[in-house]
Amino acid sequence: KLDNAITLPKSIWKNILSFGIYCYLRSASRITKIINKQNKVNGQINFYTENIEKCKTNIDTLNANIAFYKDNIDKKEKELDVNRRKMYNEMAKKVRAIKPLPTSVEENKEFTPLKQFSGLTSEKFIGCYVIHNVKNDKYYVGQSKDVPKRIRQHFNGTVPKNIIFAEDYYSTPIDERDSLFEIKVLACATKDELDSTEKQLIEEYDAFRSGYNGTGGNS
């Protein structure tokens, strides 16, 4: 429109025949309006062009950051994979080194933590048992025709059911209670063997004078 308005030649006849429209088309005021409109449009174009360039720059920066973080993620994943394999190999070695625990209560002439003992299945057997408080070194010796059942009458897991052990148990810090007592059992064949073994154990562990036993055993 601007080019046409500038290049239109003067023509009196065209002006007359178009009733002055031809004169308006090439008038200075119309050319000024077109130039102003063009300048406004060019300003908008420049504004959006600058914004587009800024957005392109931001996109390039974001793409660079994405690439950087992706590289870091890949490195971390490789490190985690190496550590995971290392931990797996270490755990596998430890598992192979573990010896299986017994699954049932049998005669045991060595002391076993009560926590471990209480988790085993048990079959009825006649014998004597010794309960040891590892903190104050006090002992209790007993006998029974069903040793596992008798021990369960003394303890619910590692928690005492009777007053014999309860005072020491509840005066012990909570995090030490589960490991407070240990136990060992000895099988006996006859009533006489039960009585003699019980008396012998009471004397051996001084369970009557300085332990939990209230007597020196059956006569």
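Throughout, residue positions are numbered sequentially from 1 according to the sequence presented. As the structure is a prediction and not an experimental result, all values here were calculated from the model.
With rounding to the nearest 0.5 angstrom, the CD1 atom of Ile73 is 11.5 Å from the CG atom of Leu80. How far CZ of Arg150 is from NZ of Lys124: 14.5 Å, rounded to the nearest 0.5 Å. Rounded to the nearest 0.5 angstrom, Tyr139 OH and Ser210 OG are separated by 9.5 Å. Annotation: the span from Glu50 atom CD to Ile52 atom CD1 amounts to 10.5 Å, rounded to 0.5 Å. To the nearest 0.5 Å, atom CG of residue Asn72 and atom CD of residue Glu79 are 9.5 Å apart. Considering CD of Gln116 and CD of Glu182, their distance stands at 11.0 Å, rounded to 0.5 Å.
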* To do: Could you go through the side chain to side chain contact (heavy atoms under 4.5 Å, CB included) check for Ile126 and Lys145 one step at a time?
  => CA-CA 4 Å; Ile126 300 171; Lys145 293 180 180 179; 4.3 Å; yes

* Using the side chain to side chain contact (heavy atoms under 4.5 Å, CB included) rule, take Phe155 and Ile131 through it: C-alpha gap first, then chi angles, then the decisive distance, then the call. => CA-CA 11 Å; Phe155 294 93; Ile131 299 171; 3.7 Å; yes

* Asked: Please walk me through it: do Phe111 and Val130 pass side chain to side chain contact (heavy atoms under 4.5 Å, CB included)?
  -> CA-CA 8 Å; Phe111 281 98; Val130 183; 3.8 Å; yes

* Asked: Can you list the steps and then say if Met87 with Arg84 is a side chain to side chain contact (heavy atoms under 4.5 Å, CB included)?
  -> CA-CA 5 Å; Met87 289 176 64; Arg84 193 182 297 115; 5.9 Å; no

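In this view, Tyr129 and His154 satisfy the ring-ring contact (aromatic ring centres under 6.0 Å, His included) rule, not counting sequence neighbours.
Checked by atom type and distance alone, the side chain of Lys161 pairs as donor or acceptor with a backbone atom of Arg152 at under 3.5 Å. Between the side chain of Ser196 and the main chain of Glu193, a donor-acceptor pair closer than 3.5 Å is present. Arg177 contributes a side-chain N or O that, together with a main-chain N or O of Thr172, makes up a donor-acceptor pair within less than 3.5 Å. Side-chain N or O atoms of Asn42 include one that pairs as donor or acceptor with a backbone N or O of Gln38 at under 3.5 Å. Judged by distance alone, the side chain of Asn133 and the main-chain N or O of Lys138 form no donor-acceptor pair under 3.5 Å.
Under the 4.5 Å side-chain contact rule for hydrophobic residues, Leu194 and Val185 do not share a cluster. Both Leu180 and Val159 are assigned to one and the same hydrophobic cluster, defined by single-linkage of ILVMFWY side chains at heavy-atom distances under 4.5 Å.
Taking every heavy atom of both residues into account, Cys128 and Leu201 meet most closely at CB-CD1, 4.0 Å. The two residues Val141 and Ala207 make their nearest non-hydrogen contact at CG2-CB, 4.1 Å. Annotation for Thr215 and Ile202: closest pair O-CD1, 3.9 Å, computed over non-hydrogen atoms. Here the closest non-hydrogen pair linking Cys188 and Thr197 is SG-OG1, 3.8 Å.
With respect to Asp195 and Lys199, no salt bridge is recorded, no charged nitrogen being found less than 4.0 Å from a carboxylate O. Between Asp81 and Lys78, none of the side-chain N atoms (NZ, or NE/NH1/NH2) sits under 4.0 Å from a carboxylate O, so this pair counts as no salt bridge. Salt-bridge formation is detected for the pair Lys70/Asp74: a Lys NZ or Arg NE/NH1/NH2 atom is positioned less than 4.0 Å from an Asp or Glu carboxylate oxygen.
Counted within 6.0 Å of CD1 on Ile174, heavy atoms from surrounding residues, nucleotides or ligands total 12 or fewer; the atom is thus considered open.
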Compile the donor-acceptor pairs under 3.5 Å between side chains in residues 163-171 and protein atoms, sequence neighbours left out, one pair per line.
from: Asp168; atom 1: OD2; to: Asn136; atom 2: ND2; distance (Å): 3.1
from: Asp168; atom 1: OD2; to: Tyr212; atom 2: OH; distance (Å): 2.6
from: Ser171; atom 1: OG; to: Glu167; atom 2: O; distance (Å): 3.0
from: Ser171; atom 1: OG; to: Asp168; atom 2: O; distance (Å): 3.1

